[in-house]
Every structure is written in C-alpha cells, then in structure tokens.
Amino acid sequence: AGVAADVQAFAEQERRRTRPRCHRAGGRRRSGDCRTHAQAGPVKLAIFDCDGTLVDSQADICEAMDAAFAAAGLVPPDRHDTRRVVGLSLHEAMRRLHPAGGHDDHAALTQLYKDAFRARRAAGAVAEPLYEGIAALVAELAAEGWQLAVATGKSDRGLAHCLETHGLTRHFVSLQTADRHPSKPDPSMIEQCIADAGADRARTAMIGDTVYDIAMACNAGVRGIGVDWGYHESAELIEAGAQAVATSVSHLRDLLRGVA
C-alpha cells in the first residue's frame, strides 16, 4: 500500500502543479484502473519506457549519479535508491534522493548529472545495452503494422543517442521525454503519443519496469504491462495497476498480441 500511496500522492501533486502539454481526446482525461481495457480488442499502439525496459542503463545512471553528488560535495546515494528513481524526471529524482535540499540544490544536481553523463558519453563509456530480444521484438511489431512510441524520463538528446546507437529510431512514430513533459506518473507523455499516432486509448498499451510507468498508464486510461527485468519488483507493478507482468520478451510479445 505504501508504494501505491506514494505514487498516487505524487500524481496528484503533478496534476496540481502543471497541465500536460498535449492533445486530449474530447478535451477530457479518462481515468480509472488501466486493467479495465483488457478486453477492448488488440492493441495498436505500444508505448515503451526506455531505461530498464528497452535498455539496461543502470550502470551508467549510477555512475553519473555518484559523480553528480560527489561534485556537489554530497555523499552519493545508495545505488539501490538510485535505481528506485529511474524513470522520474531528473529534478524529481534529485528531490527524492536529496530531500534535505531545496529547489536550487536539486536544479544544480540535475545539471551536474547531465554534465557527468555527457562526459561519460564523450569518453565512450556509456553502454546502455539492449535487453536480449528487444531489437527483434521492436522490428517484428513495426513490420506487423503496430504504431510504436517511447515515453521516458531521459532527455531528448539522451533518447535520440540511445535509439540511434541501436538502430531503432526509424521504428518509432512518437518520442516523448522529460524535456517537454511533467514527470511520470503524469499522463502527458502517453497522451501525446496517442495524438501523434492517431491511436485509440482502448488499443494502447504502456510497457514499463517501474510503478511510475504503470501509474502513468492508469492515469491515461490505457493498459499497463510491466516487465520483470527492470528496476522495480513484479509485485509492486501489479499493486500499481499492471494488467500483467512479462517475464520474458517472448511473454511480452504474447501479452501485446492478446495470446497470453
């Protein structure tokens, strides 16, 4: 109950703080548990989270976070705690990792993290390997006529570099990042993906590894499918409202195709 309550409280805070900058069908946001759309027909739009879902970037994220805190003269957070905030916008992640700091402190840490990550990339130290089977899944879904999108806490530059490195950019019709949207679990990114793809909510699924992804799906009124190879536990994803949690890429393929 603690995880669900924390996510819901943050979602309410985000909705009060800012309006999603995106299209809304009919001018209204649909709400309710994302599992209510389970029998609405085959999904036509699959929206993927990036870190922890498409790529395993935890080593790069933890190294950059350690460098950012060290540069600020702070003790770096435990790496378990760093992995727990993957998926949130950087500023929100810093707020959680350094609760004693103020807005300016969090802004400074955010910039230091970006600097550290860019320095690692420039040095050729960023790997961000795809999880096994992901490249084939993305190519198969695109070949079958699916609309594909990404909704991530990464920056525009970071996501572009990641997808280009793995040769996946051409498969996606919408790329939404924390640069242009409120942090997850606000539904803004999903709503923009739906608008870009011309899709229907009942035929849209959000795939992710954290409770922030699943809560975002529920807030947007779409199906939420978790994956168990990322940074949050399967039980947490179910508690947050996931329709199901994939235990492998082939299982995810079946869930998306409605074969499971």
Side-chain angles (χ1 to χ4, degrees), residues 3 6-7 9-11 13-14 17-18 21 48-131 150-166 175-186 188-189 208-213 215-216 229-233 236:
V3 172
D6 182 56
V7 170
F10 178 55
Q13 171 188 319
E14 282 293 293
R17 184 180 67 81
T18 183
R21 297 181 292 278
F48 291 88
D49 167 55
C50 188
D51 298 314
T53 301
L54 295 177
V55 300
D56 186 4
S57 49
Q58 62 176 307
D60 298 307
I61 291 171
C62 288
E63 289 290 343
M65 193 66 74
D66 287 353
F69 272 71
L74 298 169
V75 176
D78 184 270
R79 291 198 166 189
H80 172 76
D81 295 331
T82 295
R83 287 189 291 270
R84 294 292 302 174
V85 300
V86 172
L88 295 172
S89 67
L90 274 176
H91 193 276
E92 175 59 22
M94 297 308 181
R95 188 185 70 79
R96 295 192 179 200
L97 292 176
H98 183 42
H103 182 275
D104 290 346
D105 299 312
H106 301 146
L109 281 169
T110 294
Q111 188 58 52
L112 288 170
Y113 176 91
K114 290 180 178 179
D115 293 343
F117 206 99
R118 289 169 186 166
R120 287 179 56 78
R121 182 178 292 126
V126 173
E128 296 185 311
L130 287 172
Y131 288 103
V150 176
T152 177
K154 279 184 176 297
S155 65
D156 285 336
R157 178 185 298 183
L159 178 59
H161 183 273
C162 181
L163 295 180
E164 288 167 7
T165 296
H166 295 297
L175 302 175
Q176 303 305 317
T177 76
D179 283 351
R180 289 167 285 110
H181 295 276
S183 181
K184 299 175 182 179
D186 189 284
S188 176
M189 286 192 276
D209 68 300
T210 72
V211 295
Y212 316 123
D213 299 310
M216 180 172 63
W229 51 80
Y231 309 138
H232 287 187
E233 298 296 324
E236 295 178 279

Mind checking whether [X] and [Y] have side chains closer than 4.5 Å, heavy atoms only?
X: V150; Y: L54; result: yes
X: K114; Y: L90; result: yes
X: T210; Y: K184; result: no
X: H232; Y: R84; result: yes
X: D156; Y: R180; result: yes

Scan the side chains in residues 64-80 for donor-acceptor partners under 3.5 Å anywhere in the protein, sequence neighbours excluded, and list what turns up.
residue	atom	partner	partner atom	Å
D66	OD2	R79	NE	3.1
D66	OD2	R79	NH2	2.7
D78	OD1	H80	N	2.8
R79	NH2	E63	OE2	3.1

_Full working for side chain to side chain donor-acceptor pair (under 3.5 Å) between Y231 and D56_ = CA-CA 9 Å; Y231 309 138; D56 186 4; 3.2 Å; yes

*Nearest atoms (heavy-atom pairs only) where M94 meets L109*: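 Looks like CE-O, 3.5 Å.
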
*Closest heavy-atom contact between H106 and G101?*
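Taking H106 first and G101 second, the nearest heavy atoms are CE1-O, 3.2 Å.
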
*asked:* For the residue pair S155 / D179, report whether a side-chain donor-acceptor contact shorter than 3.5 Å exists.
replied: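 Their side chains do not contain a donor-acceptor pair, so the 3.5 Å distance test is not met.
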
*asked:* According to ring pair (Phe, Tyr, Trp, His ring centres under 6.0 Å), who are the partners of H161, at least two apart in sequence or on a separate chain?
replied: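 With sequence neighbours excluded, H161 shows a ring pair (Phe, Tyr, Trp, His ring centres under 6.0 Å) to no residue whatsoever.
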
*Could you label the plane-to-plane angle of the W229 and Y131 rings as parallel, tilted or perpendicular, counting under 30° as parallel and over 60° as perpendicular?*
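Ring orientation of W229 relative to Y131: tilted.
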
*Counting only N and O atoms by type, is there a donor-acceptor contact under 3.5 Å from the side chain of D186 to the main-chain atoms of H181?*
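Pair absent, no side-chain N/O of D186 close to backbone of H181.
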
